[in-house]
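Right, one structure below, let's go through it.
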Amino acid sequence: FSSSLTMARRYDSSTTTFSPEGRLHQVEYAIEAINNAGTCVGILGNDGIVMASERRITSGLLAPAKTSEKTYKLCPHAACNVAGLTADANILIDQARLRAGRYHYQYQEPIPVEQLVEHVCNYKQSYTQYGGLRPFGVAFLFAGYDENHGFQLYQSDPSGNYSGWKATVIGANNQAGKSLLKSEYGSSSSSEMTDEEETSPDVAGALRLAVKVLNKTMDGTAAAAEKMELFTMKLDESGDVVHHILTQKEAQAVIDEVEAETASAGDS
Amino acid sequence: MSILEYNGAAMIAMAGKDCVGIAADRRLGIQAQTVSTDFTKVFKMNDTIHVGLGGLATDVQTLHNILKFRMGLYELREEREMTPQVFSHLLSTLLYEKRFGPYFVEPIVAGLDAKTNKPFLSSMDLIGAPVQTKDFVVSGTCTGNLYGMCETLYKPDLEPDALFETLAQALLASVDRDALSGWGGVVHIITKDGVTTRELKGRQD
């Protein structure tokens with residue numbers, strides 16, 4: 001497939017070559033690969049972060065995953081969600097874990113979240129400039145907490161570019177998800193606070209919003225707890241970061257709440 | 001002067017009935033001069049593993065940080081806790097990797113198997129030669145004293161409180177005849193219900 005009307009093919013082969021329009025086609029193709037992957041939503045709440053992903057079950061014969069295929073812990077205070085080629089992601093996740101561990105070994109302090117993200121992204125970037133190797137076909141949502149900046153949510157793509165978000169979507173139908181977030185994030189329905197210009201939701205509200213987004217992006221398939229993976233990151237009473245993947249029961253409870261909300265919304 | 005005797009240490013780990021105890025002195029010295037009386041040499045690695053690191057103080061602290069790093073990686077990748085046997089082996093290979101420029105530490109490992117609650121004890125030399133025993137392991141600058149006291153006082157299948165007494169008496173008596181160890185002690189008793197830590201007050205000399 002060609003990504004523009006001109007003959008992009010001539011400039012496809014080497015990742016290290018710009019096209020005449022100033023594009024890196026290999027990087028763009030990698031981003032395309034991710035748009036076919038299971039959706040991931042990330043939402044920054046005022047007391048934590050929610051990451052929700054679509055579990056794609058490609059065959060009934062597949063052994064049930066012992067652990068997550070979407071959510072990975074990187075260190076005690078950071079985790080990530082993956083959209084794209086899992087094999088590529090595994091390499092990068094290990095890189096991130098090593099980096100976080102080495103930083104802690106050197107400074108006896110947890111690595112600031114942005115530094116961890118930047119390290120992974122620099123690694124991804126080098127595959128767009130050196131060696132003639134293909135880029136990683138992975139996009140990440142990073143969720144983390146540090147003392148200086150509190151809870152943070154970052155998104156990264158195969159180019160090695162990253163940005164911080166209040167809420168974002170990656171993977172299949174991410175545009176639909178993003179437009180829903182634009183209208184719903186910060187509105188009073190997802191927060192228990194009174195009307196303000198834009199308020200961030202609490203984790204419970206963020207969970208409901210995330211499920212709503214997944215419902216939209218998984219359009220056509222019925223929302224069910226086995227098809228979604230809901231992850232939260234919060235602080236416990238002693239100030240330690242807690243990673244939690246919701247159980248089937250807990251996830252179903254959130255889905256039911258959302259269903260009730262949308263059902264009653266139609267009544268007015 | 002041996003580099004392993006530069007800072008001074010005394011430690012014992014002992015097995016009881018479905019429990020283990022590990023004890024160490026508190027002295028940090030620079031040869032004859034005592035510099036600290038609350039130096040930590042026994043470290044909790046997780047709910048079921050404690051490691052005692054005796055020897056050159058800088059290597060004690062470095063090795064502890066390296067072990068924390070390696071355990072952290074293991075838990076992230078395997079999504080489960082390390083068992084005492086695996087930890088002991090990791091420590092052994094870590095030390096041997098520095099075969100011709102070793103860490104000057106002779107560690108002891110005390111753990112409880114999470115499923116069976118059976119005690120696990122091991123000790124090794126500075127290049128990682130491991131030894132696993134059912135009764136007790138010792139390390140430090142007064143191992144002769146420690147072996148003598150343990151051999152005399154040890155009985156199999158002691159309950160946690162009796163194990164504590166045995167460990168405390170064995171340690172205190174041993175360090176009193178060693179100039180380089182002592183200045184207090186700490187004893188950890190590990191059972192399936194948790195860890196109890198007690199400080200010992202002995203001769204402060």
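The chains referred to below are lettered A, B, ... by the order of the sequence lines, with proteins before strands, and numbering in each begins at 1. Bear in mind that the values here come from a model prediction, so they are computed numbers and not experimental data.
Proximity to chain A at a heavy-atom threshold of 4.5 Å picks out nothing from residues 174-205 of chain B.
The contact between L98(A) and chain B is made by backbone and side chain atoms together, counting heavy-atom distances below 4.5 Å. For L73(B), the part lying near chain A is the side chain, with the backbone staying farther off; criterion is any non-hydrogen pair under 4.5 Å.
The shortest heavy-atom contact between A23(B) and L167(B) is CB-CD2, 4.2 Å. Closest non-hydrogen pair, L74(A) versus A96(A), comes out as CD2-CB, 3.9 Å.
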Worksheet item: Step by step, would you call V105(B) with L56(B) a side-chain contact (heavy atoms from CB on, under 4.5 Å)?
Response: CA-CA 6 Å; V105(B) 174; L56(B) 196 62; 5.5 Å; no

For a quick check, list the donor-acceptor atom pairs closer than 3.5 Å between chain B and chain A, or say none.
unit_1 : atom_1 : unit_2  : atom_2 : d
N65(B) : OD1    : Q108(A) : NE2    : 3.4
L76(B) : O      : R97(A)  : NH1    : 3.4
L76(B) : O      : R97(A)  : NH2    : 3.4
R77(B) : NE     : D94(A)  : OD1    : 2.8
R77(B) : NH2    : D94(A)  : OD1    : 3.0
R77(B) : NH2    : D94(A)  : OD2    : 2.9

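Of the N and O atoms on the side chains of R27(B) and T37(B), not one donor lies less than 3.5 Å from an acceptor on the other residue.
The number of heavy-atom neighbours closer than 6.0 Å to NZ of K98(B), taken from other residues, nucleotides and ligands shown, is 12 or below.
Atoms CG and CD1, on L230(A) and I245(A) in that order, are 10.0 Å from each other to the nearest 0.5 Å. With rounding to the nearest 0.5 Å, the separation of SG in C121(A) from CZ in F136(A) is 11.5 Å.
The aromatic rings of F136(B) and Y154(B) lie perpendicular to each other, with more than 60° between the two planes, well past the 30° mark.
Between chain B and the residues C75(A), G101(A), A100(A), the largest count of heavy-atom pairs under 4.5 Å involves G101(A).
Between the S123(B) side chain and the I108(B) main chain, no donor and acceptor come within less than 3.5 Å of each other. Formation of a donor-acceptor pair under 3.5 Å by the N7(B) side chain with backbone atoms of G29(B) is found in this model. Side-chain atoms of S88(B) do not come within 3.5 Å of backbone N or O of Q85(B) as any donor-acceptor pair.
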